[in-house]
Amino acid sequence: MSLLRPTLDFLLYDWLHADKLNERERFADHSRETFDAVLDTCERIAREKYAPHNRTVDTQEPHFDGEKVILPQATHDAHKAFVESGMMSAAQDYEIGGMQLPFTLQAAANSFFAMASVSIGSNMLTSGNANLLMVHGTEMQKEVFAKNEFSGRWAGTMCLSEPQAGSSLSDVATRAVPDGADFQDDPLGPRYRLTGNKMWISSGDHELTENIVHIVLAKIPDENGKLIPGTRGISLFIVPKRMVDTQGQLTGERNDVALAGLNHKLGWRGTTNTLLNFGEGKYPVGGKAGAVGYLVGQPGKGLHCMFHMMNEARISVGTAAVMLGMAGYYASLEYAKSRPQGRPVGPEGKDAARPQVRIIEHADVRRMLLAQKSYCEGSLALSLYCARLVDEQKTGSAQAADDARLLLEVLTPIAKSWPSEWCLEANSLAIQIHGGYGYTRDFPVEQYWRDNRLNMIHEGTHGIQAADLLGRKVLMENGRGLELLIARMKESIEAAAGVPQVAAHAKALGEALTRVVSATRQAWSTGNPKDALINAVPYMQAFGHTVLAWLWLDVATRSIALDAAAAQPATVGRLGAASYFFHYELPKIGAWLNVVESRDPICVAMPEEAF
């Protein structure tokens, strides 16, 4: 934890100037001191309640006793401490129990929990669920459901995937039918009965809170009782585990939502992952089968509402990947500093008579440490930059807010996908540095890798993110979001061009940016989405590397501005990581963009039988 704080402080205050946000009316009650107090509190809770039990929750997985899901006591204690800290609603209005903290600070503070134990610290779905309702719910839905989630009294989930559909939401088969004319004016919203199955539902059942609020995608049948194909018929519903009244009190009746089974996954083992059956009749409400659900927003507009939560979750998944990468980096750095092995190569070769040296003195180990530092600290900058855009969208001028909205649209696929790929690679390098010990449970790095491997799939695979980026985000609103991002990159290039230590990097970024813009045009030159999206993932990888190079250039330039002589170890470290990224990583984009520009067809042209 202690290694993380100076990096967070630099990115928050020296680079993003988050301490200046208190000049805005919404944050006027805050100061650098209150921000630091929040960080101190979260760091302490993470150190005392989360980190010591990370291995416990990995080995003592959730289990179902036939009545309820059993979790280790450590999970209950950590969740209680998190709720009592107020961080569930830290960025919310005072009127609903929030602190009106900048989201940038909330994101930074929550990073401590993700690094200490991502399995325990995953409260992102509850806050995301409540945030969705604050935007799309009725006043009663906000009062009864969102506020009780923000208080930590209730938890929340996101129920999208189904066993037969996976990520293909157009194939959702869960049905929702009106629960009779008497309930269409229900104060909690038009009332429906849902039947169907949902799979891979994180935190879908537990006893950490007195109730669980499921946000569920389901289709309302047409007048002939048939489900509308595609996404047009998808609507969104609040389906509580236990029935509630308009005062937010439990009625004592279970809703017809049944735990069908627990999924036992590679990582995140401390978080329950469930298969849920809706409306199977196990818990009939009012003597009638069908899970009671309350419509959110308009019928047929479920995906529009759900994307609010999905985009927030994607950025949170990226942040979780970042912090797992950081945890592995710090663990392997400590190990490399203390593990003696081998001897250095001198002019005469190796001298076996000399004592062994610590492995951090070997060039290849330093290469792996530098790679981890460049991936993880660069990704942390990306996550916090996106969080800063959220604050700009909420509190900036009309133009600044709209620019931030578009920049977030373009950057969200990168904020989710890039850390989940490259911070996973950092975890792999951390294992490599540990050698054979890295594969054992005597050291934590194997668990960090297992936990992080899930993040490439959480909230949409790489293929989904890539299709979103190249197929929609760089084109939306006539490409204005991409133009805004390019303009910000060019500002950083111009600022760095006159700084000797990073001038060459500025030139390299300019060349990379030109290549990405050209590849975007070439990918779409036929106007056929099928041609353009053949190599969407290599495009996203190149795009992401260019974004990270930009952030490293900007961070390095700022670091030099504060330490012109580059005499401080932290400055030397940032410049070293930036140089590593520009020398070892940025050149990779050429290979990726070659296939994008040529619209190389091999991935679709190869016949099935040839595999």
Side-chain angles (χ1 to χ4, degrees), residues 1 4 46 50-63 69 71-72 74-75 78 110-125 161 199-204 206 261-275 313-314 316-335 368-369 371-372 375-376 379-380 383 416-462:
M1 297 287 180
L4 174 63
Y50 283 70
H53 307 293
N54 190 42
R55 179 63 75 186
T56 300
V57 300
D58 185 62
T59 55
Q60 297 179 23
E61 292 186 66
H63 65 276
V69 172
L71 292 166
T75 302
N110 282 339
S111 69
F112 291 113
F113 303 111
M115 191 171 81
S117 180
V118 74
S119 287
I120 298 176
S122 181
N123 290 289
M124 66 179 183
L125 293 180
S161 297
M199 187 73 160
W200 312 120
I201 309 306
S202 295
S203 301
H206 54 74
L262 296 176
N263 300 307
H264 297 283
K265 301 170 81 170
L266 178 77
W268 289 57
R269 291 178 172 176
T271 301
T272 55
N273 190 274
T274 61
L275 170 63
R314 284 171 175 171
S316 296
V317 165
T319 302
V322 173
M323 301 321 298
L324 284 164
M326 293 289 271
Y329 169 53
Y330 293 146
S332 62
L333 176 61
E334 180 182 1
Y335 184 81
M368 291 187 283
L369 288 170
Q372 290 182 74
Y375 300 154
C376 299
S379 292
L380 182 58
S383 294
K416 188 275 175 186
S417 66
W418 205 94
S420 68
E421 179 172 2
W422 295 98
C423 292
L424 176 68
E425 174 61 18
N427 288 136
S428 181
L429 293 172
I431 292 174
Q432 188 75 9
I433 287 173
H434 280 73
Y437 288 114
Y439 297 95
T440 71
R441 292 198 169 191
D442 295 337
F443 292 86
V445 288
E446 59 85 26
Q447 183 185 343
Y448 296 146
W449 186 93
R450 284 188 290 105
D451 285 339
N452 218 351
R453 185 60 185 82
L454 274 64
N455 288 319
M456 289 182 74
I457 293 178
H458 278 157
E459 308 309 330
T461 64
H462 267 32

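A distance of 7.0 Å separates OH of Y375 from CH2 of W418, quoted to the nearest 0.5 Å. Interatomic distance, OH of Y50 versus CE of M115, reported as 14.0 Å (0.5 Å rounding). Summarising the geometry, atom CG belonging to L369 is positioned 12.5 Å from atom OH belonging to Y330; distances are rounded to the nearest 0.5 Å. For the atom pair L380 CG and C423 SG, the distance stands at 9.0 Å (nearest 0.5 Å). From L454, atom CG reaches atom CH2 of W200 across 9.5 Å, with rounding to the nearest 0.5 Å. To the nearest 0.5 Å, the span separating CG on N54 from CD on Q447 amounts to 4.0 Å.
Using bins of under 30°, 30° to 60° and over 60° for the plane-to-plane angle, the ring pair Y335/F443 lands in the perpendicular bin. Between W268 and H458, the angle of the ring planes goes over 60°, which puts this pair in the perpendicular group of the 30/60° scheme.
At a threshold of 4.5 Å between non-hydrogen side-chain atoms, the residues R441 and T59 count as touching. Side-chain contact between I433 and Q372: present, with at least one pair of heavy atoms (C-beta onward) separated by less than 4.5 Å. Two residues are said to be in side-chain contact when any heavy atoms from C-beta on lie closer than 4.5 Å; L424 and M456 meet this criterion. With a 4.5 Å cut-off on side-chain heavy atoms, L262 and E61 do not count as touching. For the pair N452 and Y448, the minimum side-chain heavy-atom distance is 4.5 Å or more. Between H434 and S332, the closest side-chain pair of non-hydrogen atoms falls below 4.5 Å.
A320 and A114 make their closest contact through CA-CB, 4.4 Å (heavy atoms, listed as atom of the first residue, atom of the second, distance). Taking both residues in full, the closest heavy atoms of T56 and P72 are given as CG2-CB, 4.4 Å, listed atom of the first, atom of the second, then distance. Minimum heavy-atom separation, A430 to G328: CB-O, 3.5 Å. What you find for P419 and G318 is that their closest heavy atoms are CB-O, 3.5 Å. Closest non-hydrogen pair, P62 versus R269, comes out as CD-O, 3.0 Å. The heavy-atom pair separating M326 from C376 by the smallest distance is SD-CB, 3.3 Å.
Although no hydrogens or angles enter the test, the distance criterion places a donor-acceptor pair under 3.5 Å between the side chain of R314 and the main chain of E459. Using modelled atom types, no side-chain atom of S203 and backbone atom of T272 make a donor-acceptor pair closer than 3.5 Å. Using modelled atom types, no side-chain atom of T75 and backbone atom of L71 make a donor-acceptor pair closer than 3.5 Å. Looking only at distances, a side-chain donor or acceptor of S420 sits under 3.5 Å from a matching main-chain atom of S417. Formation of a donor-acceptor pair under 3.5 Å by the K416 side chain with backbone atoms of T461 is not found in this model.
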List the steps and the verdict of side chain to side chain contact (heavy atoms under 4.5 Å, CB included) for S111 and L4.
CA-CA 9 Å; S111 69; L4 174 63; 4.2 Å; yes
Go through it in stages, so that I can follow the logic: the residues are I120 and F113, the test is side chain to side chain contact (heavy atoms under 4.5 Å, CB included), and I'd like the CA-CA distance, side-chain angles, deciding distance and then a yes or no.
CA-CA 8 Å; I120 298 176; F113 303 111; over 6 Å; no
For W449 and S428, run side chain to side chain contact (heavy atoms under 4.5 Å, CB included): C-alpha distance rounded to whole Å, both residues' side-chain angles, the deciding distance at 0.1 Å, then the answer.
CA-CA 7 Å; W449 186 93; S428 181; 4.1 Å; yes
For side chain to side chain contact (heavy atoms under 4.5 Å, CB included), just list the numbers for E421 and N455, CA-CA rounded to whole Å, side-chain angles, deciding distance to a tenth of an Å, and then say yes or no.
CA-CA 8 Å; E421 179 172 2; N455 288 319; over 6 Å; no
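Partner V118 forms a side chain to side chain contact (heavy atoms under 4.5 Å, CB included) with one of T271, T319, L324 and no other, that one being L324.
Salt-bridge check for E446 with R453: failed, with every basic side-chain N at 4.0 Å or more from each acidic carboxylate O. We find that D58 and R450 are joined by a salt bridge, their nearest charged nitrogen and carboxylate oxygen being less than 4.0 Å apart.
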